[in-house]
Amino acid sequence: SPASMLGSMLTLPIRNVVPGRAEWLGQTLREDFGIEIPVYAGLRDAYGELLGTTLMRISFQAYNEMGDIQKLVDAMARLGLTHHSKRREA
């Protein structure tokens, strides 16, 4: 990808949310915090088995503001899912 395209979208592993709870995380962020963000139950191998961890895709667009990013960080902290919050497995 050209350098001008870098930084507008990224996929983050959410290591303390087991893949089977990815749908819960997406629904909780949407319903409890008003955040619409894709959350996936990790990658699957050729046999359909889950590999790895839950993934969250973050896209930064012209209509996003720093407040939107902070809202996500705050929501993840309230759920105990940030690096600085008390760790729990969802």
Side-chain angles (χ1 to χ4, degrees):
S1 295
S4 62
M5 292 181 68
L6 297 178
S8 64
M9 186 182 308
L10 67 118
T11 300
L12 295 173
I14 310 298
R15 290 190 172 86
N16 47 347
V17 176
V18 294
R21 299 284 286 157
E23 187 176 333
W24 164 83
L25 178 57
Q27 182 176 355
T28 300
L29 289 170
R30 183 176 48 258
E31 292 178 1
D32 295 354
F33 298 96
I35 298 170
E36 189 72 41
I37 190 164
V39 179
Y40 303 99
L43 302 174
R44 294 185 182 272
D45 66 14
Y47 303 102
E49 296 293 319
L50 282 173
L51 302 172
T53 186
T54 298
L55 302 171
M56 178 182 289
R57 192 183 77 218
I58 300 174
S59 178
F60 302 98
Q61 300 298 326
Y63 51 81
N64 293 116
E65 299 176 356
M66 285 306 296
D68 297 324
I69 307 290
Q70 190 60 54
K71 184 177 178 180
L72 175 60
V73 170
D74 292 346
M76 296 295 283
R78 287 196 52 205
L79 293 171
L81 300 175
T82 64
H83 201 59
H84 300 289
S85 61
K86 191 175 183 180
R87 291 203 180 242
R88 72 174 195 183
E89 188 164 295

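Quick note: residue numbers are just sequence positions, from 1.
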Peer 1: Kindly indicate, with the supporting measurements, whether the criterion side-chain contact (heavy atoms from CB on, under 4.5 Å) is fulfilled by I37 and I58.
Peer 2: CA-CA 7 Å; I37 190 164; I58 300 174; 3.6 Å; yes
Peer 1: Return the set of residues passing side chain to side chain donor-acceptor pair (under 3.5 Å) with D74 (not counting sequence neighbours), or none when no residue passes.
Peer 2: Q70
Peer 1: Picking from I14, T54, L55, what satisfies side chain to side chain contact (heavy atoms under 4.5 Å, CB included) with P19?
Peer 2: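 By the side chain to side chain contact (heavy atoms under 4.5 Å, CB included) criterion, P19 pairs with just one of I14, T54, L55: T54.
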Peer 1: Please list all pairs meeting salt bridge (Lys or Arg N to Asp or Glu O under 4.0 Å) that have one or both residues in residues 22-42, counting only residues at least two apart or in different chains.
Peer 2: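 For residues 22-42: R30-E36.
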Peer 1: Taking M76 as the fixed residue, which of I35, L29, V17 is the one that meets the side chain to side chain contact (heavy atoms under 4.5 Å, CB included) rule?
Peer 2: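 The passing option is L29.
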Peer 1: Please name all residues satisfying side chain to side chain donor-acceptor pair (under 3.5 Å) with E65, sequence neighbours left out, ordered by chain then number.
Peer 2: none
Peer 1: Kindly write out the residues that satisfy side chain to side chain donor-acceptor pair (under 3.5 Å) with T28, not counting sequence neighbours, or none if the list is empty.
Peer 2: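 Listed in chain order: W24.
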Peer 1: For T11, which residues count as a side chain to side chain donor-acceptor pair (under 3.5 Å) partner, sequence neighbours excluded?
Peer 2: none
Peer 1: Looking only at heavy atoms, what is the nearest atom pair of F33 and K71, with distance?
Peer 2: O-CE, 2.9 Å
